[in-house]
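Just so it is clear, the values below take in all heavy atoms, side chains as well, and ignore hydrogens, waters and symmetry mates. Each chain gets a letter, A, B and so on, in the order its sequence line appears, and its residues count up from 1.
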Amino acid sequence: MYKLFLTLRYLFARRIAYFAIAAVMLCTAMIVIVNSVMGGFLDKIKAKARGLLGDIVVNNNSARGFPLYGEFITDISKWPEIEAAAPVIFSYGLLSFQDTAILNTVQVNGIDLEKTYRINAFKQSLFYEKYYPGSTTLGVQQQPKLGFDPERSPVSSDSPGEMWVTLPADLLDLLAKSRAAGIEDRETVDSGVNVALRKAGLPTLPGLFEVNIEGATDDPSSDDGSVGRAGYFGDPREGIIIGRDLVAFREKDGRYRRYMQRGRMTILTLLPISDGGSVDAPIKVPLRYADDSRTGIYEIDSKTIYCDFALLQRLLLMDEGERADDSGKIPARCSQIQIKIKPGVDANKLAERLEQHYRSYLEKDLPDVREFERNLLSGIRVQTWEESQAAYIAPVEKERILVTILFAIISLVAAVLVMCILYMIVLQKTRDIGIVKSLGGSSAGVAAIFVGYGAAIGVVGAAIGGTLGYLFVIYINEIQAWLIHINPAWQVWDRSVYSFDEIPNTVRTSDFAIIVVCGILLAIFGSLAAAWRAARMQPVEALRYE
Amino acid sequence: MSNADNLLTAAAIRKHYRMGRSVVPVLTSCDLSVRRGEFLMIMGRSGSGKSTLLHLLGALDTPDSGRISLTAGPQSPEVSVFPATERERNEMRRRWFGFVFQFYHLLPELSVLENVLMTRMVGTSISGWFGGRGAIRRDAIALLEQIGLGARLKHRPAELSGGERQRVAFARALVHKPLLLLADEPTGNLDAESGAKIMALLHDLHRSGQTIVMVTHDMQLTKSADRMLVLENGALQT
Ligand SMILES: Nc1ncnc2c1ncn2[C@@H]1O[C@H](COP(=O)(O)OP(=O)(O)O)[C@@H](O)[C@H]1O
Ligand SMILES: [Mg+2]
């Protein structure tokens with residue numbers, strides 16, 4: 001009983017113990033925060049990577065792609081484990097906007113939009129598709145433009161004309177649908193049109209559109225004649241989806257400010273690779289900006305555009321063709337197949353079977369599969385999304401472990417501090433230890449007082465530190481907002497730089513428990529030297545003198 | 001006199017201290033028996049080894065050689081205090097011995113009452129403590145009231161005078177009803193008046209049947225003892 005009693009008494013009577021508690025507390029809080037933020041970061045990256053790929057991907061690590069994807073997809077679509085599969089083509093190109101100086105090198109992804117929607121989370125990354133559901137297509141399209149609203153009376157000349165602009169009727173209908181579903185644009189800085197609409201108390205029109213300034217004569221009440229009717233204009237062209245960071249700036253608060261209008265004409269320059277492996281003459285195609293995509297990974301959103309699979313295949317000469325000597329067909333090729341599997345299926349095992357299936361085509365003596373195709377087929381790899389992204393995810397995972405270990409090492413400082421403080425207390429308490437021993441206390445009992453003391457410091461410190469760390473992580477974004485409020489220079493998490501709008505703010509329960517337990521063990525460890533010293537102390541020495 | 005009347009017997013006790021390379025012999029050959037219920041006084045110059053002897057008798061320290069044994073009651077078997085394991089000696093201190101030191105040696109963070117209760121806590125498990133706490137507390141408070149400290153239960157030792165502190169130390173040494181009270185110059189640090197009060201307390205205890213061994217270098221005090229021994233040159237003389 002005396003052990004418990006003295007432990008608690010010393011804990012509250014010795015102010016110096018508060019320093020030890022504070023040290024344990026800070027270390028625990030620090031590691032909880034670092035581990036949680038890094039872990040949350042990793043989880044988000046993983047979720048995004050998966051959302052972009054599907055569960056399983058087929059690659060062959062060649063820019064020339066691989067053939068027989070059609071047969072493969074037809075075959076595996078019959079498998080009960082497979083939900084959906086779609087081919088993708090990757091290439092590189094230059095993207096410019098008509099009438100601007102903007103020119104970007106881009107990765108070009110040829111996708112089948114409808115199939116991609118079913119396989120991964122690409123649809124959720126689209127902007128216009130969200131507010132005007134169903135309006136995004138990679139097919140042939142014109143440019144939607146704003147025009148005056150004939151339903152509404154014109155306004156006085158001191159207000160800008162935008163106040164009564166409107167979109168083509170079909171887009172307005174689609175917008176009404178998303179509005180009814182409660183979807184509202186909070187991710188974009190208001191365009192000039194939307195600022196005016198908002199001022200007038202009218203619903204905004206998400207996105208950025210050009211205003212029709214030609215053929216304005218339809219409106220008799222418009223004196224200046226600068227705005228015509230809303231509608232679709234320009235040459236019909238195939239659409240592309242552009243990475244958000246190619247068409248908009250990101251503000252510090254994380255919102256986007258678009259500078260390209262929907263439907264604007266772009267020029268995509270492609271470099272097809274010949275069968276011999278060299279670059280053929282560049283091809284230029286005009287395409288319309290149909291939508292923009294934000295996956296949340298900056299490397300992708302600042303470099304990638306998406307166009308129709310069949311179009312890109314044709315442009316890159318990867319579609320089916322006749323052999324020059326008329327001896328047969330050249331099979332069509334793609335760069336990747338993305339596969340979504342049914343829930344509960346073991347992706348690793350399935351990936352192996354899929355790879356075997358693809359390789360089995362090599363054994364079937366197919367007439368159109370010649371030396372060139374065989375080479376491409378032999379490089380086929382079927383991987384789970386995790387494996388295929390390992391190069392990207394593994395460093396972050398390693399970093400997280402490394403940082404946690406580094407901080408754990410730093411936390412040894414806390415252990416040393418606990419050790420010093422407890423050792424000091426033992427030296428100061430030499431006489432008390434003698435007294436307790438004279439009353440019949442054993443060496444082990446006296447040691448237990450100090451181990452208990454360390455444990456109490458650990459429990460109190462780790463509990464407070466864990467709670468503080470937990471609260472800090474949960475409210476990390478609010479804290480950040482408050483810091484910015486005090487001084488804008490204190491923005492740690494720059495949303496224009498990081499992929500994620502918010503600092504990860506989830507705490508993994510298992511990691512949290514481990515950290516808190518380690519905090520307690522750390523303090524106990526720190527108390528061992530003192531306990532050892534106290535146990536070895538001879539009571540008579542201490543009692544002989546004052 | 002029958003052997004059964006002896007509470008504690010020590011024979012051929014030797015104790016030396018080592019200071020660096022030199023050996024300081026303190027007790028060369030001590031023989032002693034403490035009779036049940038007696039007030040035994042041991043006299044000796046400062047540095048003669050009185051404290052050392054008292055610590056050995058009370059199982060707080062171990063001699064180099066010799067034998068110490070205790071017979072708890074007329075019908076009880078003889079128990080060896082030395083040689084004995086550390087566990088056994090801890091247990092003996094807890095049950096049979098009560099120490100009072102010259103410098104009080106109270107725990108400064110604890111109140112008067114808690115200091116006294118500490119003796120009982122050492123001998124009690126956590127569950128036992130919470131089971132019998134009420135009775136244990138009542139005993140301790142009764143004892144403190146008996147020695148005139150009923151009004152100072154919540155005070156810290158630092159708030160008490162030397163004489164009061166020493167009385168708390170007595171309460172602590174007595175609360176578990178030890179067979180033998182070992183007092184090491186209990187008045188050595190007190191003024192004459194406080195010292196007299198402590199001596200009166202010792203007499204009261206003695207009258208109520210408590211066996212006491214007290215060491216002192218003050219010739220004056222030895223008058224009140226049943227018996228007196230002198231410690232000189234590492235041995236006891238009558
Ligand atoms: N730990 C020790 N190391 C060395 N010498 C000691 C130690 N403790 C006591 N002594 C010596 O032993 C002798 C007896 O000490 P002590 O028992 O305290 O005498 P007393 O209580 O009679 O004054 C003294 O000379 C003292 O210096
Ligand atoms: Mg002494």
Regarding B:K50 and B:E185, does a basic nitrogen lie under 4.0 Å from an acidic carboxylate oxygen?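 B:E185 and B:K50: salt-bridged.
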
Using a strict threshold of under 4.0 Å (side-chain N to carboxylate O), is an ion pair present between B:K197 and B:D191?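 Answer for the salt bridge query: no.
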
If contact means a heavy atom pair closer than 4.5 Å, which residues of residues 55-65 of chain B contact chain A?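 Contacts with chain A: B:H55, B:L60, B:D61.
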
Name, in order of residue number, those residues of residues 11-28 of chain B that have a heavy atom at a distance of less than 4.5 Å from a heavy atom in chain A; otherwise write 'none'.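 Near chain A, by residue number: B:Y17.
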
Heavy-atom distances under 4.5 Å only: say whether [X] touches chain A with side chain, backbone, both or neither.
{"X": "B:T52", "answer": "both"}
{"X": "B:L106", "answer": "backbone"}
{"X": "B:E86", "answer": "side chain"}

Could you tell me the separation between the [atom1] atom of [X] and the [atom2] atom of [Y], rounded to the nearest 0.5 Å?
{"X": "B:D184", "Y": "B:F99", "atom1": "CG", "atom2": "CZ", "value": "9.0 Å"}
{"X": "B:L182", "Y": "B:T211", "atom1": "CG", "atom2": "OG1", "value": "10.0 Å"}
{"X": "A:M38", "Y": "A:E399", "atom1": "CE", "atom2": "CD", "value": "5.0 Å"}
{"X": "B:M92", "Y": "B:F82", "atom1": "CE", "atom2": "CZ", "value": "11.5 Å"}

For A:S527 and A:L422, work out which heavy atoms get closest and say how close.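 Taking every non-hydrogen atom into account, CB-CD1, 3.1 Å.
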
Taking all heavy atoms of A:A523 and all of A:V418, pick out the closest pair and write down the distance.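 Minimum heavy-atom contact is O-CG1, 3.6 Å.
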
Where the side chain of B:R167 meets the backbone of B:I147, is there a donor-acceptor pair that is under 3.5 Å apart?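 Between the backbone of B:I147 and the side chain of B:R167 there is a qualifying donor-acceptor contact (under 3.5 Å).
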
Residue selection (most heavy-atom pairs with chain B, distance under 4.5 Å) from A:G445, A:S443, A:S438, A:A444: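 Sorted descending by pairs with chain B, the first entry is A:S438.
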
Option among B:V213, B:L54, B:L70, B:L181 that satisfies the side chain to side chain contact (heavy atoms under 4.5 Å, CB included) test with B:F97: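 Exactly one option meets the side chain to side chain contact (heavy atoms under 4.5 Å, CB included) with B:F97, and it is B:L70.
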
Quick one: do the B:N90 and B:R87 side chains pair a donor with an acceptor below 3.5 Å?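 The answer is no; no qualifying pair exists.
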
